[in-house]
Amino acid sequence: MKIAVVGAGIVGLTTAAGFADLGHQVYCSDTDGDKIERIENGVLPYLEPGLAELVKRGQEGGRLAFGVGASTAIGEAEIVILAVGTPATDDGEILLAQLWEAADMLWPRADGMRRLIAVKSTVPVGTAERLEARIRARLPAEGGVDVVSVPEFLREGFAVRDFFEPSRVVIGSATHEAAELMDRLYRRLSATVVHTDRRSAELAKLASNAALAIKISYANEMAALSEQTGADYPDIARILGLDPRIGPHFLGAGLGFGGSCLPKDTRALVRLASEAGAPQTVASAAIRANAVLPQRMARKLEAALSGLSRRRVALLGLAFKPGTADLREAPSLRLIAELKKRYPGISLAAYDPAVDIAMKRQLPAGVGLYGSAEEALRGADAAIVVTEWPEIRKISAEDYKSWMSRPIILDGRNCLDAHALNAQGMVCIGVGRLPAAPQGIPAYQGRHA
Ligand SMILES: NC(=O)c1ccc[n+]([C@@H]2O[C@H](COP(=O)([O-])OP(=O)(O)OC[C@H]3O[C@@H](n4cnc5c(N)ncnc54)[C@H](O)[C@@H]3O)[C@@H](O)[C@H]2O)c1
Ligand SMILES: O=c1ccn([C@@H]2O[C@H](COP(=O)(O)OP(=O)(O)O[C@H]3O[C@H](CO)[C@@H](O)[C@H](O)[C@H]3O)[C@@H](O)[C@H]2O)c(=O)[nH]1
């Protein structure tokens with residue numbers, strides 16, 4: 001099948017390279033000429049395991065080509081997949097400018113034959129219908145277009161794996177022909193395919209991310225309650241997760257959810273729901289619960305160190321999760337803003353294994369960015385684990401003790417063995433965990449003390 005993918009972000013590029021690998025003829029376009037040039041030369045702008053190899057295989061096999069903007073290849077494609085960005089404002093309005101721009105580039109190439117446009121970008125409910133109406137209004141009478149909704153559920157850092165082994169493929173369509181054609185496209189993947197209407201597909205995407213956000217916020221509030229009542233949240237999470245009706249995933253407490261999707265899509269759902277007259281109070285509370293986590297961490301830091309104004313604090317990890325260099329809505333940025341607001345004299349020394357130029361540019365002024373954990377930790381009065389990178393989890397008690405002024409670690413992802421580190425003369429405090437008598441924090445006398 002001939003396919004065009006519009007947008008070469010993580011989603012577009014993975015989709016394009018994935019379908020090329022499945023034997024389709026794929027043309028992938030982006031308006032960003034630099035990005036396309038880098039991709040064509042094998043220098044991917046994303047840290048995604050296996051993606052560079054997949055792209056190379058597609059190019060070498062002659063099944064994957066790239067270009068800037070519109071092209072005849074788009075006119076020839078049976079299916080055009082839209083994977084452009086759909087950022088959201090702080091109050092949850094999803095901005096569709098990139099989608100309309102892409103659509104306006106398509107319609108002059110859609111005349112004369114019936115064509116399928118698949119919206120993979122995350123959009124408000126009703127967008128596929130609006131897009132179809134917009135394109136149809138510009139088409140000559142003999143032309144035709146069907147717009148379907150095929151939301152994407154891949155996770156950053158697992159994009160390639162999730163393409164080939166998706167948890168589900170959702171196809172929202174309005175005609176039998178469109179559903180059938182999309183089915184053919186996905187036939188080579190052994191995935192559970194759910195056929196539905198377009199609005200349900202669009203809402204299912206927002207609902208999925210909001211469900212994950214709600215679960216994480218529940219975990220974080222339960223962790224706070226554990227701290228207040230002398231319980232151990234990781235044990236509680238394990239007990240909860242053993243109930244198959246609850247499940248073990250997304251119960252990790254810490255600095256909360258970030259990234260380009262969970263925060264924006266949950267905000268979008270809340271806004272959409274309020275406009276539709278069906279308020280999503282639970283999703284709304286999940287956003288509020290997430291927002292207070294940097295303050296909680298700042299208070300813990302203050303309790304662990306008496307006086308913070310001239311202290312040096314190391315931040316271990318900046319990316320919104322391990323395996324990516326993505327800083328979009330990263331908890332690290334909210335934590336930095338909170339610490340700098342509360343303690344203007346604080347010195348912040350950060351390290352992230354995926355540090356790159358883009359990350360440097362996004363960091364607020366006044367944060368030192370170092371090329372190794374050792375450099376960030378040297379002379380630090382405390383360290384906060386912000387992202388649970390394997391490299392960071394592996395730092396030994398000996399290293400912490402020899403590099404830092406005071407070996408105080410606030411484990412913002414509960415990824416360290418606090419008891420083992422504490423037994424080696426460190427002060428390691430997790431989230432929802434019982435503190436092991438650090439200075440400034442009252443000792444707990446229970447089994448974890
Ligand atoms: N990143 C994820 O993990 C993820 C997962 C699932 C769904 N999504 C959703 O998928 C969509 C894409 O996400 P992303 O992270 O890949 O976005 P992105 O912003 O990283 O990439 C979008 C790309 O589209 C390009 N673009 C914009 N207008 C264009 C046009 N008119 N023609 C051609 N290219 C154009 C941009 O230059 C950019 O390279 C979003 O709606 C997002 O919410 C993202
Ligand atoms: O128990 C947990 C699990 C995750 N997180 C945080 O939640 C955020 C999001 O994590 P994750 O969902 O793994 O990352 P994304 O790559 O943003 O993927 C989400 O967003 C994508 C874009 O819509 C969807 O396609 C995916 O299905 C959905 O998991 C990160 O900041 C994590 O640190 C926690 O705090 N606790």
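For ligands, and for the atoms within them, numbers begin at 1 and follow the listed sequence. Please read all numbers here as calculations on a predicted model, not as lab measurements. Values reported hereafter were calculated over all heavy atoms of this structure, with side chains retained and with hydrogens, waters and symmetry mates removed.
Cation-pi geometry between Arg161 and Phe158 is not met at under 6.0 angstrom from the ring centre and within 45 degrees of the axis. Cation-pi geometry between Arg433 and Tyr233 is not satisfied (NZ or CZ under 6.0 Å from the ring centre, within 45° of the ring normal).
Taking every non-hydrogen atom of Ala83 and a distance limit under 4.0 Å, the qualifying atoms of ligand 1 come out as 12 (C), 22 (C). The contact set between ligand 1 and Lys264, taken as ligand atoms under 4.0 Å from a residue heavy atom, comprises 43 (O). Contact atoms of ligand 1 toward Lys35: 38 (C), 39 (O) (distance under 4.0 Å to a heavy atom of the residue). Of all the atoms in ligand 2, the ones that sit under 4.0 Å from a non-hydrogen atom of Gly256 are 6 (C), 31 (O), 35 (O). Ligand 1 places these atoms under 4.0 Å from at least one heavy atom of Ser260: 1 (N). Distances below 4.0 Å separate heavy atoms of Val6 from the following atoms of ligand 1: 32 (N), 33 (C). Listed by number with element, the atoms of ligand 1 under 4.0 Å from a non-hydrogen atom of Thr86 are 40 (C), 41 (O), 43 (O). Taking every non-hydrogen atom of Phe257 and a distance limit under 4.0 Å, the qualifying atoms of ligand 2 come out as 6 (C), 7 (O), 8 (C), 31 (O). Close approach of ligand 1 to Ala102 (heavy-atom distance below 4.0 Å) involves ligand atoms 31 (N). Set against the non-hydrogen atoms of Glu152, the atoms of ligand 1 under 4.0 Å away are 6 (C), 7 (C).
In terms of polar-atom proximity, defined here as any N/O pair under 3.5 Å, Ser260 makes no such contact with ligand 2. Between Cys261 and ligand 2, not a single N/O pair is under 3.5 Å apart. Between Arg155 and ligand 2, a contact under 3.5 Å exists for no N or O pair. Residue Ile10 has at least one nitrogen or oxygen atom sitting less than 3.5 Å from a nitrogen or oxygen atom of ligand 1, judged on distance alone.
Between Ile216, Leu154, Asp162, Thr324, it is Ile216 that holds the heavy atom closest to atom 5 (N) of ligand 2. Closest to atom 30 (C) of ligand 1 by heavy atom, among Thr324, Thr31, Val68, is Thr31. Of the candidates Leu13, Ile39, Asp30, it is Asp30 that places a heavy atom closest to atom 36 (C) of ligand 1. Nearest-heavy-atom check against atom 10 (O) of ligand 1 across Ile74, Val5, Val11 picks out Val11.
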Practice problem: Could you please spell out the steps behind the salt bridge (Lys or Arg N to Asp or Glu O under 4.0 Å) verdict for Asp146 and Arg136? | Solution: CA-CA 9 Å; Asp146 277 325; Arg136 281 197 170 160; 3.7 Å; yes
Practice problem: Decide yes or no on side-chain contact (heavy atoms from CB on, under 4.5 Å) for Glu156 and Arg328, but give the supporting numbers first. | Solution: CA-CA 12 Å; Glu156 284 189 30; Arg328 288 182 281 183; 3.5 Å; yes
Self-check item: Pair Leu131-Ile117, side-chain contact (heavy atoms from CB on, under 4.5 Å): steps then yes or no
Solution: CA-CA 9 Å; Leu131 188 66; Ile117 296 177; 4.3 Å; yes
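The shortest separation from a heavy atom of Glu156 to ligand 1 is under 4.0 Å, placing the residue in contact. Proximity of Gly258 to ligand 2 is established by a heavy-atom distance of less than 4.0 Å. At least one heavy atom of Arg413 lies less than 4.0 angstrom from ligand 2. Using a 4.0 Å cutoff on heavy atoms, Lys205 counts as a contact of ligand 2. At least one heavy atom of Gly252 sits less than 4.0 Å from an atom of ligand 2. No heavy atom of Thr122 sits closer than 4.0 Å to any atom of ligand 2.
Using a 4.5 Å heavy-atom threshold, the side chains of Ser149 and Arg199 count as separate. Counting heavy atoms from C-beta outward, Ile74 and Ser29 have side chains that approach closer than 4.5 Å. No side-chain heavy atom of Pro166 sits under 4.5 Å from any side-chain heavy atom of Phe153.
The part of Leu251 lying near ligand 2 is the backbone, judged by heavy-atom distances below 4.0 Å. Contact annotation: for Leu212 versus ligand 2, heavy atoms closer than 4.0 Å belong to the side chain alone. By the criterion of a heavy-atom distance under 4.0 Å, the side chain of Asp265, and not its backbone, is placed next to ligand 2.
At a threshold of 4.0 Å, the pair Glu338-Arg296 does not count as salt-bridged, since none of the basic side-chain nitrogens sits closer than that to a carboxylate oxygen.
If you look at Phe163 and Phe19, their ring centroids are closer than 6.0 Å.
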